[in-house]
Structures are given as C-alpha cells and as structure tokens.
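On a predicted model such as this, the values are computed, not experimentally measured, just so you know.
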Amino acid sequence: MNMPDGLSGSDFYYLLPEIVLTAGALLVVILDALLPKRLDRVLSWVTLGVLAACGLSLLATDGVSATVARGLVAVDGFAFFFNILFVLAAALTVAMSPRYLTVEGVSPGAYYFLILTATLGMMVMAAGIDLVTLFIGLETMAVSFYILTGYIRPNRR
C-alpha cells in the first residue's frame, strides 16, 4: 500500500487514539441523525464506548518516545499522561450528563459530539510539537467549548 509522502504505517498506528476519537465523533453525529428521539440514551453509551476504545488505543503508546507526522506530533510520556487524563475527564463528563440533558430538555447528539471534539483538540495540543499543530488543537478545543457554553440557549446561566 502506498502511503502519502512523509507518512508511514507507524504514523497511523501512533495516531490511532486521535483517529478513533474522530471516527467516534462522526459515528455519534450519524447515530443522532438516524436514531429515533426515544433512543437518545443510547448516544451516551456509544460515546462512553468511543472514549473506552480511545483509552485502549492509548495503551499502545505507553512507554513510546517518537515523533510522527513529519515531526508535528510527539508520542511520549507527557502526551500519554495528559491524553489519559483528558479521556477520563471526558468519560466522567459524559457519565454525569444524561440526567442533566434530560432535565434541561436538550438533544444530546450535538452535546456528545462537542465533548468528543473538545477532547480531540486537547489531545492534539498535548502531543503537538509545532506551533501550527498546537494552534489547530487549541482552536478545535476552543470552538467546541464556545459552542458548549451557549448550548442551552434559554438558560441564562
């Protein structure tokens, strides 16, 4: 299989947690569009499953010290520690959210998607070496948090 210039199979292997999180976020959006509204609770379990899969794929990078994607991303202990921390924080947030979303009466699909993309942005920032990579991670995280801040419009809090 021919890889694009500058990318190797090991690059995709080391970027697997980010790839899993991105694919999972897209899965949540698709399921939100396809599932009937009475099955909204399923989205929280799918989101927790995505975060669990991301956490498991992170274990493959434990103890590794390498740079991938032509030197844009570091796979090391620092990134591993913070990525695990971010995934656990996101899982805790998702686990606490279903009741809150039910009380507020909002659709959970976009909410879970934004949680996953904010987590992805934080993971990219933790592993970024180059300023452009850090900026992309920061913007991915920040835009997701901006939208989450105003997600429940009628509530002035």
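- Judged as a ring pair (Phe, Tyr, Trp, His ring centres under 6.0 Å), not a single pair has a partner in residues 25-50 (not counting sequence neighbours).
- Within the 3.5 Å criterion, the main-chain N or O of F145 finds a donor-acceptor partner in the side chain of T149.
- Separating the CG atom in L148 from the CG atom in L114 is a distance of 4.5 Å, to the nearest 0.5 Å.
- Hydrophobic clustering, defined by side-chain heavy atoms of Ile, Leu, Val, Met, Phe, Trp and Tyr closer than 4.5 Å, groups I30 together with L34.
- Taking both residues in full, the closest heavy atoms of P17 and M123 are given as CB-CE, 3.8 Å, listed atom of the first, atom of the second, then distance.
- Every residue meeting the ring-ring contact (aromatic ring centres under 6.0 Å, His included) condition with F78, not counting sequence neighbours, appears here in chain and number order: F82.
- The minimum heavy-atom distance linking S57 with V20 is given by the pair OG-CG2, 4.2 Å.
- The closest side-chain donor-acceptor pair between Y14 and T61, if any, does not fall under 3.5 angstrom.
- In this structure the side chain of M122 never reaches within 4.5 angstrom of the side chain of T140, judged on heavy atoms.
- Annotation for L116 and A25: closest pair CD1-CA, 3.7 Å, computed over non-hydrogen atoms.
- Here the closest non-hydrogen pair linking L43 and V28 is CD2-O, 3.9 Å.
- Residues E18 and N83 are in side-chain contact: their nearest non-hydrogen atoms beyond the backbone lie under 4.5 Å apart.
- Contact detail for F12 and I19: the closest heavy-atom pair is O-CD1, 3.9 Å.
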